[in-house]
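Notes for the one structure printed next.
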Amino acid sequence: MAGTKALLMLENFIDGKFLPCSSYIDSYDPSTGEVYCRVPNSGKDEIEAAVKAAREAFPGWSSHSPQERSRVLNQVADLLEQSLEEFAQAESKDQGKTLALARTMDIPRSVQNFRFFASSILHHTSECTQMDHLGCMHYTVRTPVGVAGLISPWNLPLYLLTWKIAPAMAAGNTVVAKPSELTSVTAWMLCTLLDKAGVPPGVVNIVFGTGPRVGEALVSHPEVPLISFTGSQPTAERITQLSAPHCKKLSLELGGKNPAIIFEDANLDECIPATVRSSFANQGEICLCTSRIFVQKSIYTEFLQRFVEATRKWKVGIPSDPLASMGALISKAHLEKVRSYVKRALAEGAQIWCGEGVDKLNLPTRNQAGYFMLPTVITDIKDESCCMTEEIFGPVTCVVPFDSEEEVIERANNVKFGLAATVWSSNVGRVHRVAKKLQSGLVWTNCWLIRELNLPFGGMKSSGIGREGAKDSYDFFTEIKTITVKH
């Protein structure tokens, strides 16, 4: 490898110190397919050290007042914001997403996560009731749980890691976190800010490595009483099994097969660009992305024509290209998996209108081996097809017609997932009616991905257990106790 750039070497962050590991795994630049980084291949010993550090730091950190913890979280937010460009560049290179998206969404939202929970921790109240006839007063207190095990995914690496770290810390817990081994760089960079922000050693520990080694050691550790996980359903099943003997508190956010329902009175000038974005933003690698588009028959032909036209303008390019709407997918294996769904759709007799196998992808020579794929639109596909029932998690969406409101609600609900849905209609009564009947934890009407962090986030059915948000995250990261005083 003479003449090549030295590889970035990451280290675990345990008890406020960076520690090398005895073995490493390769991490690839998705836009070139080349190894550019080495990530610790940690295991049980590193988790043991991290849990020990977190347990030792817990009495001190949990005894800090909410105001003191809030001040530290705001400090982290300030330092992260000052380094926004550096973090955005690193996130884009590590994950494959466009630099523009990392700059405008991932890193700003990571900053906001710390600021939001720094503020919300100051505004929780407890309950109190009187029983005068028995001379008793009852009240509740909430206390931090202990060491929080946090496992975050590769699609929005820092955004979703901080969405867990911030509320866990704010509530007074200490943390052992495992980011995805595919996207570890920004988590490693965050560690350098923690000490500067005044986070005491051991409060946040980050251990890098794979699910089977690090994840399993963390989840099955008897002194980690709660696990917050965002990722795939099969991994969540394994987490549930390993947690069962210890009766751990679990928060599981597990993706979706999200429908968009477009009624004939929808404003297509707004709906089409928003639905292109909801289908293909971040290469379709967002758990909230639209992958089933139901269009009322009377406007189906017009919608499809305009939607395909708009999709073809959605430029795939190298992540640093300011004109690119979409970058590279996360890995070679994932790219092959996403492509396999398009092949299966073709084998079932579906039609591909644009994208994979239809249009040519133009990339610079250096990026020919990168994990790029064009946004792909499929029609003439049955509701029972794997493309309509399984989470593809890539730039592939299916467009199908429907007749009536009752029919489309039944079809939209006819999958095992229930995370998010979008409804497009100018009829306010219909919007409320349909939103109520959809089996989804989140329903956006005439918009997509407008988030209010105070309110619950999470899904129904196989899309997970529990909710995240101001009150929900506080409830999860604390234990409630009822105290009765007789006077």
Side-chain angles (χ1 to χ4, degrees), residues 13 15-16 53-84 107-129 137-150 158-177 187 190-206 225-226 228 249 251 451-457 467-483 485:
F13 186 72
D15 203 16
R55 276 173 60 79
E56 286 171 1
F58 178 71
W61 181 247
S62 59
S63 65
H64 281 41
S65 69
Q67 286 76 9
E68 288 173 304
R69 295 197 296 263
S70 173
R71 185 184 57 75
V72 172
L73 262 69
N74 275 319
Q75 278 286 109
V76 177
D78 291 347
L79 290 168
L80 184 54
E81 193 169 49
Q82 286 160 26
S83 307
L84 191 146
I107 311 305
R109 173 58 195 276
S110 303
V111 172
Q112 190 191 0
N113 287 338
F114 282 108
R115 290 225 171 101
F116 177 80
F117 286 106
S119 170
S120 75
I121 194 64
L122 303 176
H123 303 292
H124 296 289
T125 56
S126 59
E127 299 164 287
C128 176
T129 62
M137 179 180 81
H138 311 272
Y139 67 96
T140 59
V141 292
R142 281 196 170 271
T143 53
V145 182
V147 179
L150 312 178
L158 194 66
Y159 172 141
L160 290 175
L161 178 66
T162 55
W163 179 235
K164 297 180 187 303
I165 287 179
M169 285 176 70
N173 301 281
T174 54
V175 164
V176 177
L190 178 69
C191 299
T192 62
L193 305 183
L194 298 174
D195 182 49
K196 287 183 200 165
V199 178
V203 171
V204 176
N205 306 274
I206 299 189
L226 102 183
S228 175
K249 284 183 90 171
S251 169
R451 291 276 287 113
E452 158 58 285
L453 302 188
N454 280 296
L455 298 184
F457 175 91
R467 296 291 187 271
E468 296 171 294
K471 184 177 184 300
D472 297 270
S473 295
Y474 180 64
D475 288 355
F476 177 71
F477 285 113
T478 55
E479 289 286 13
I480 194 164
K481 183 184 295 183
T482 300
I483 297 171
V485 180

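Taking the side chain as every heavy atom from C-beta outward, His138 and Ile483 never approach each other to under 4.5 Å. Looking at heavy atoms from C-beta onward, Pro108 lies in side-chain contact with Leu84 at the 4.5 angstrom threshold. At least one side-chain heavy atom of Leu453 sits less than 4.5 Å from a side-chain heavy atom of Arg109. Taking the side chain as every heavy atom from C-beta outward, Ser228 and Glu468 approach each other to under 4.5 Å. Residues Arg142 and Asp475 form a side-chain contact, since some pair of their non-hydrogen atoms from C-beta on lies under 4.5 Å apart. Within the 4.5 Å cutoff, the side chain of Pro144 has heavy atoms near those of the Phe58 side chain.
The heavy-atom pair separating Thr478 from Tyr474 by the smallest distance is OG1-O, 2.6 Å. Among all heavy-atom pairs drawn from Ser473 and Pro167, the shortest one is CB-CB, 3.8 Å. In this structure, Leu73 and Ala166 approach most closely via the heavy-atom pair CD2-O, 3.5 Å. Of all the heavy atoms in Val145 and Pro225, the pair that sits closest is CG1-CG, 3.6 Å. Smallest separation of non-hydrogen atoms from Arg69 and Ala170: NE-O, 2.8 Å. What you find for Cys128 and Met137 is that their closest heavy atoms are SG-CG, 3.8 Å.
Formation of a donor-acceptor pair under 3.5 Å by the Asn173 side chain with backbone atoms of Ala168 is found in this model. Proximity of a side-chain donor or acceptor of Ser62 to a complementary backbone N or O of Pro59 within less than 3.5 Å is detected. Although no hydrogens or angles enter the test, the distance criterion places a donor-acceptor pair under 3.5 Å between the side chain of Ser110 and the main chain of Tyr159. Judged by distance alone, with hydrogens and angles left aside, the side-chain atoms of Asn205 form a donor-acceptor pair with the main-chain N or O of Val175 at under 3.5 Å. Judged purely by atom type and a 3.5 angstrom limit, Trp61 uses its side chain to pair as donor or acceptor with the backbone of Met169. A donor-acceptor pair under 3.5 Å is formed between the side chain of Lys249 and the backbone N or O of Phe476.
Leu79 CG to Thr192 OG1: the interatomic distance, rounded to the nearest 0.5 Å, is 9.0 Å. Interatomic distance, NZ of Lys164 versus CG of Asn113, reported as 10.5 Å (0.5 Å rounding). Within the model, atoms CG of Asn454 and NZ of Lys471 stand 12.0 Å from one another, a figure rounded to the nearest 0.5 Å. Distance NE2/His64 to OG/Ser70: 12.5 Å, rounded to 0.5 Å. Here the straight-line distance linking atom CD of Glu127 with atom OG1 of Thr482 works out to 7.5 Å at 0.5 Å rounding. Taken from CG in Leu150 to CG in Leu161, the straight-line distance is 7.5 Å, to the nearest 0.5 Å.
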Test side-chain contact (heavy atoms from CB on, under 4.5 Å) on Thr140 and Lys481; report intermediate values, then the result.
CA-CA 5 Å; Thr140 59; Lys481 183 184 295 183; over 6 Å; no

Could you walk me through whether Ile165 and Val76 satisfy the side-chain contact (heavy atoms from CB on, under 4.5 Å) test, starting with their C-alpha distance in whole Å, then the side-chain angles of each, then the deciding distance to 0.1 Å, before giving a yes or no?
CA-CA 11 Å; Ile165 287 179; Val76 177; over 6 Å; no

Thr174/Arg55 under side-chain contact (heavy atoms from CB on, under 4.5 Å): CA gap, chis, key distance, verdict
CA-CA 7 Å; Thr174 54; Arg55 276 173 60 79; over 6 Å; no

Yes or no on side-chain contact (heavy atoms from CB on, under 4.5 Å) for Leu158 and Ile107, after CA distance, side-chain angles and deciding distance?
CA-CA 7 Å; Leu158 194 66; Ile107 311 305; 4.0 Å; yes

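Using bins of under 30°, 30° to 60° and over 60° for the plane-to-plane angle, the ring pair Trp163/Phe457 lands in the perpendicular bin.
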